[in-house]
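Below is one structure; the comments refer to it alone.
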Number of protein chains: 2
Amino acid sequence: MSKKVLIVGGVAGGASTAARLRRVDEEAEIIIFEKGEHISFANCGLPYHIGEVIKERDKLLVQTPEAMEARFDIDVRVMNEVLSINRGNKEVKVKDWVKGEVYTESYDVLVLSPGADPIKPPLPGIDGKNIFTLRNIPDTDLIKGFVDDNKPENAVVVGAGYIGVEMAENLHHRGVKVSVVELAPQVLGPIDADMAAIVHNHMRTKGVDLHLSDGVKAFREEGDKTIVELQSGKEIKASLVVMSIGVKPSTKLAKEAGLELGETGAIKVNKHLQTSDESIYAIGDAIEVVDFVTKKPAHIPLAGPANKQGRIVANNLAGAKEKFVGTQGTAIAKVFDLTVAATGNNEKQLKEAGIDYQVSYTNSKNHAGYYPGAIPMTIKIIFTPDKGKLLGAQIVGYDGVDKRIDILATAIRFEKTVFDLQELELAYAPPFGSAKDPVNMAGFTAGNILKGMVDVIYWHELEDLSNDTIILDVREEVEVELGKIDGSINIPLNSLRDRLDELDKDKNIVIYCAVGLRGYIGARILIQHGFKKVKNLSGGYKLYKEIIN
Amino acid sequence: MSKKVLIVGGVAGGASTAARLRRVDEEAEIIIFEKGEHISFANCGLPYHIGEVIKERDKLLVQTPEAMEARFDIDVRVMNEVLSINRGNKEVKVKDWVKGEVYTESYDVLVLSPGADPIKPPLPGIDGKNIFTLRNIPDTDLIKGFVDDNKPENAVVVGAGYIGVEMAENLHHRGVKVSVVELAPQVLGPIDADMAAIVHNHMRTKGVDLHLSDGVKAFREEGDKTIVELQSGKEIKASLVVMSIGVKPSTKLAKEAGLELGETGAIKVNKHLQTSDESIYAIGDAIEVVDFVTKKPAHIPLAGPANKQGRIVANNLAGAKEKFVGTQGTAIAKVFDLTVAATGNNEKQLKEAGIDYQVSYTNSKNHAGYYPGAIPMTIKIIFTPDKGKLLGAQIVGYDGVDKRIDILATAIRFEKTVFDLQELELAYAPPFGSAKDPVNMAGFTAGNILKGMVDVIYWHELEDLSNDTIILDVREEVEVELGKIDGSINIPLNSLRDRLDELDKDKNIVIYCAVGLRGYIGARILIQHGFKKVKNLSGGYKLYKEIIN
Ligand SMILES: Cc1cc2nc3c(=O)[nH]c(=O)nc-3n(C[C@H](O)[C@H](O)[C@H](O)COP(=O)(O)OP(=O)(O)OC[C@H]3O[C@@H](n4cnc5c(N)ncnc54)[C@H](O)[C@@H]3O)c2cc1C
Ligand SMILES: Cc1cc2nc3c(=O)[nH]c(=O)nc-3n(C[C@H](O)[C@H](O)[C@H](O)COP(=O)(O)OP(=O)(O)OC[C@H]3O[C@@H](n4cnc5c(N)ncnc54)[C@H](O)[C@@H]3O)c2cc1C
Ligand SMILES: CC(C)(COP(=O)(O)OP(=O)(O)OC[C@H]1O[C@@H](n2cnc3c(N)ncnc32)[C@H](O)[C@@H]1OP(=O)(O)O)[C@@H](O)C(=O)NCCC(=O)NCCS
Ligand SMILES: CC(C)(COP(=O)(O)OP(=O)(O)OC[C@H]1O[C@@H](n2cnc3c(N)ncnc32)[C@H](O)[C@@H]1OP(=O)(O)O)[C@@H](O)C(=O)NCCC(=O)NCCS
């Protein structure tokens, strides 16, 4: 007998489940309930439509209910909201918002992919008419309509996660002057503060006002403007406010039906993506996943995992026993001219999880330096201090960042080490890479640290140097003239061997260059000439300057 | 006591060995012998300097002897050719071409990185004044000088490997009309003929004349032109001829010294890169490597492996016991607007090695289709028919090809399967990828074949269909109007379920769409409705048309 499968939510997770399920099971009765007007829309494209980068609204609609019915023989019910689940009877109660009716529908299996809701904290004035959140097409229409009609001069984006930053950029495209307010001391939580510093500098050069370590206290209206009152006492007057401080998993249905929630507040599922009721599966932004690196519970709302979970659930409904083994949080964003990407855990997460780690920074060009258009990226990799197993990676740069984060994401997925990175044989021709790819280079550099070839010191440790530490700058004089670390002395690398006697072998020496490469070579020279206490500044002056800027 | 290390060849492998060796061993006496004028030059950039894409000649010189001496304390002797090795005395005989003197130099360890020489077959007229090969800076100066001075109207490039194709493009940039002559029926040997077909079509649209399956019989001069006589009887008149039919490993020194050569004719080395004389190491284009996939001997001359081998040898000289485990042949080329890339083995190689394999083609956009600039690439993956272990991959497309080949190269390096590709969590935001990345998609599609979800048929099998086979085109009518497979009938996918009775369940059915996706969905519908003999055309009509064009 054929199964009756009900799916709550018709976008990333829900539509993917339905499509795959039909391919594996032509007989199943499949009904998608979607409370909104649209299924299968491109959530991730919404900011770009507001910014008119994606000009046609239709492009956001990847599938329509009609096409989904024709191609996949799926009963797609938009404007139908599932109100409650009766687990005993295996039924859901549904409100048809078009007909204004409530009805029940029975199921053999229920799949929940209700997504997440933008967080709207109960701040005074939060319901003001100029204040928006962004999750779906109607939200997009509202914000875009507002921009089209009112040509706002300025906007405040509250919250600087990926969506906030994308909104800042897209409003900027539309000629809006943007202020970003963020409670944390940095934008883009998935990367660490050091890497975020590069992003801050870039956003500022684009004219975005950043208000970091500051939160919204209240909103108040003043004529057709909104005054955003910050906790610091600052006030920003804006024509438009977009709230993007994060999402919370849509758990109402599940909770009311007595399904177990996890410690993150999202729906708890097992490896096969079943909830505490084995007839009910849940996927996507609504669920708690296993962090692939720490193996701890986490809530990581991303489209790739949602789509893949949908496919796994469909397979399992057709009799497979596939597992979803965890989410590693691979994510990327275009931030004006920059590309910012991360995978695995960052330092903040590892500290919280109590996991020991070591960090290494490198700075490499996207492709051969001698081929036109070469441009550097800053790579941070994080790995275990014993075996060098990769725990996480972050990259900020331009062209070629997406490639390197994906290679690193792949290495992390396969639980590989920095030494494995050294051996990767990646495609090299001058327009695409280097004989030693940036990923190889990150592996070499980290490997050298682990093998004791060189000791490193990090930007944040420079504050605590003992007074008699020698800070040795091995860059060329012309570079030093453009800026240096206070108190450093300069001996260009190529003359270091000849000038060793200018340095005291018994003192602590911190060596640095632009990015760490020459500092490393210099350190090797010093160490092998009997200097015992030498440390190379990981990431070099370039990173240091971005951070202390 | 410190070691005395002599290095023969001062470019990719040699210079890398020297630099790393100095970093691990400050005491070693290191001498580089380079018979040419330059060390550390960018071989791979040479075609682009001729094409004036890399405008400044200086950019090709990554390191100079002076800088190498200053930074690494290395005795760099350019214009010094090693003439012979006396293994008994551990000495080499060297000719200093500047002083015109011959001298000997002793060694503790000798490292050979003499590279490879362009093949110049003994054809009548091969030494004509308009006929060039390209390996180093003087070659480049000659060709570029010729183009600058003579503004040749047309050129013949003989041999269409990576260098030949790059030369064709770069001469084209210079306004030269280019004919390419290639003995094989296809350009770019590392990819298979099917994928090469796409490249052929592209090169032809750019105005390049391709003479495939044809070789040069002889050259003869006619005034200041060269007549290239082909085996087919055709004759091409050209102002300039570039020979790029491949390279042969520089083995003269090794052979004369009685070192063992491998079955490919290149220098034989063990896993630690030692030759049959344990005091002599060899690396780079001169050596025989292990093919990473087949584990058989191979000659794969590429810069990445040469550089990495240099580093491994340096480590081993300093006491490590590192292994070079093989070369997988990851390579890439820009061919006009196209990017062409390969990693692992191709069908030709696997057939020759007698290894069973299965193939799957997909066609995916570089990033979300709804974001501007989305453009498709054709991906071919090859894997074992049992477990789906990846054996090779080839991609032809535009933006984003380099990223996907590197992810696949990484998966091959880690000996993973098509099922592992399904789980990769790659970075997704609309400008960079899709929630299901092209690499995931390749994994899904191949996985479906292996799991028996669908049977596939390949373009080359369409010739041998039995007469009563139904060829079912499930594309939309508008697509069919632009071209279809002879004898096919059309039922658009979205109406397939309603029109099943138009098809005979007992007949063989070959189903196809543009790229294979709708064909697959259609096949699933048919199979589940009792059709037993259904095959989906892998790669779809798009690939088929490129090939039979
Ligand atoms: C602006 C924006 C940009 C983003 N950019 C990226 C990006 O670049 N990369 C990335 O990986 N991720 C991005 N995401 C996140 C990504 O869209 C989500 O991770 C993904 O859509 C989650 O899929 P889901 O199926 O869980 O939820 P959704 O896709 O949100 O689908 C849930 C659906 O369920 C419906 N629903 C909820 N409750 C009910 C109910 N009771 N009855 C009926 N229907 C119900 C909702 O109306 C909704 O349409 C972005 C999200 C947004 C909003
Ligand atoms: C035009 C061109 C484009 C290329 N493009 C790419 C590409 O895009 N990607 C890629 O991966 N690879 C590419 N390659 C291949 C790459 O350059 C080689 O794989 C790499 O340089 C091999 O390093 P090697 O050290 O073995 O040889 P080489 O780099 O060639 O160095 C060998 C040196 O040894 C010297 N020598 C030889 N015999 C003696 C002797 N007896 N005494 C003293 N010196 C001696 C030679 O003069 C030469 O300079 C390209 C090569 C060429 C020519
Ligand atoms: C539109 C949507 C319903 C499509 O679901 P889908 O049919 O599973 O996905 P696709 O159209 O990408 O097709 C993938 C299928 O085609 C197959 N396929 C792809 N290319 C193929 C080819 N060339 N030959 C054969 N099969 C191919 C894949 O194997 C896969 O099938 P499988 O899952 O049965 O293995 C769903 O992705 C969706 O709703 N997307 C929009 C919402 C969203 O994801 N938002 C967040 C991101 S903005
Ligand atoms: C120029 C050449 C001699 C450089 O050799 P090299 O010094 O080993 O290579 P690089 O300059 O890339 O530096 C790599 C080293 O810097 C280290 N490094 C790189 N970035 C670093 C950073 N940010 N911090 C610390 N160390 C860093 C790496 O770990 C590596 O050192 P290791 O091998 O000791 O681990 C050699 O690559 C060469 O001759 N190239 C031109 C010829 C050629 O390759 N042709 C073919 C391709 S066109």
Side-chain angles (χ1 to χ4, degrees), chain A residues 12 23 26 42 44-45 48 53-54 59-60 62 67 70-71 73 162 302-305 307-308 325 327-328 330-334 341 343 368 370-372 402-403 405-407 409-411 413-414 416 423-433 435-436 493-495 497 521 524-525 528-529, chain B residues 12 23 26 42 44-45 48 53-54 59-60 62 67 70-71 73 162 302-305 307-308 325 327-328 330-334 341 343 368 370-372 402-403 405-407 409-411 413-414 416 423-433 435-436 493-495 497 521 524-525 528-529:
Chain A
R23 288 189 289 264
E26 181 73 11
C44 320
Y48 296 96
V53 174
I54 298 172
K59 289 223 166 179
L60 299 172
V62 181
R71 176 159 302 177
D73 188 21
Y162 285 110
L302 286 167
N307 273 267
K308 280 169 210 147
V325 298
T327 301
Q328 67 193 74
T330 310
I332 191 164
K334 177 174 156 355
T343 185
Y370 56 79
Y371 190 86
D402 59 331
K403 171 159 78 178
I405 206 71
D406 277 355
I407 299 168
T410 301
R413 199 71 183 182
F414 297 147
K416 296 295 172 176
E423 292 196 22
L424 290 181
E425 189 187 320
L426 304 170
Y428 166 51
F432 306 102
K436 292 170 185 159
L493 176 60
N494 289 2
S495 48
R497 274 191 198 82
I521 298 175
R524 289 300 305 160
I525 294 173
Q528 296 189 78
H529 281 96
Chain B
R23 288 189 290 265
E26 181 72 11
C44 319
Y48 296 96
V53 174
I54 298 171
K59 288 223 164 176
L60 299 172
V62 181
R71 175 158 304 178
D73 189 20
Y162 284 110
L302 286 168
N307 273 268
K308 281 170 210 146
V325 298
T327 301
Q328 68 194 73
T330 310
I332 192 165
K334 177 174 157 353
T343 184
Y370 56 80
Y371 190 86
D402 60 330
K403 172 159 76 178
I405 207 71
D406 277 355
I407 299 168
T410 302
R413 200 72 183 179
F414 297 146
K416 296 294 171 178
E423 292 195 25
L424 289 181
E425 190 187 320
L426 304 170
Y428 166 50
F432 305 102
K436 292 168 187 162
L493 176 61
N494 288 3
S495 48
R497 275 191 197 80
I521 299 175
R524 290 299 305 159
I525 295 174
Q528 297 188 76
H529 281 96

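Convention: sequence-line order gives letters A, B, ...; per-chain numbering from 1.
Using a 4.5 Å cut-off between heavy atoms, B/Y48 touches chain A through its side chain atoms alone. Only the side chain of A/R413 has a heavy atom closer than 4.5 Å to any heavy atom of chain B. Proximity to chain A (any heavy atom under 4.5 Å) is restricted, for B/A333, to the backbone atoms N, CA, C and O. Contacts of A/R23 with chain B are made by both backbone and side-chain atoms, with heavy-atom separations under 4.5 Å. Contact annotation for B/L424: both backbone and side-chain heavy atoms come within less than 4.5 Å of a heavy atom of chain A. Proximity to chain A (any heavy atom under 4.5 Å) is restricted, for B/K308, to the side chain, taken from C-beta onward. Residue contact with chain A, scored on non-hydrogen atoms closer than 4.5 Å, is absent for B/A12. For chain A, no part of B/S495 is nearby; none of its heavy atoms comes within less than 4.5 Å.
Looking at every heavy atom in both residues, B/I405 comes nearest to A/A427 through CG2-CB, 3.6 Å. Residues B/F432 and A/K334 approach most closely at CE1-N, 3.6 Å, considering heavy atoms. A/A67 approaches B/N494 most closely through the heavy-atom pair O-ND2, 4.3 Å. Taking both residues in full, the closest heavy atoms of A/Y370 and B/C44 are given as OH-CB, 3.7 Å, listed atom of the first, atom of the second, then distance. Residue B/T410 comes nearest to A/T410 through the heavy atom pair CG2-CG2, 3.8 Å, listed as atom of the first residue, atom of the second, then distance.
Here the side chain of B/E26 pairs no donor or acceptor atom with the backbone of A/I525 at under 3.5 angstrom. A donor-acceptor pair is defined here as one N or O able to donate and one able to accept, closer than 3.5 Å; no such pair exists between the side chain of B/R71 and the backbone of A/I521.
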Checklist entry - Step by step, would you call A/V53 with B/Y371 a side-chain contact (heavy atoms from CB on, under 4.5 Å)? => result CA-CA 8 Å; A/V53 174; B/Y371 190 86; 3.8 Å; yes
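Relative to the ring axis of A/F414, B/K416 places its NZ or CZ within 45° and under 6.0 Å from the centre.
Other residues, nucleotides and ligands contribute only 12 or fewer heavy atoms inside 6.0 Å of the NZ atom of A/K59.
Here B/P431 is the residue among B/P431, B/A411, B/A368, B/A409 with the most heavy-atom pairs under 4.5 Å with chain A.
Note that CD of B/Q328 and CG of A/L426 are 8.0 Å apart. Values are rounded to the nearest 0.5 Å. A distance of 6.0 Å separates OG1 in A/T343 from CD in B/E425, rounded to the nearest 0.5 Å.
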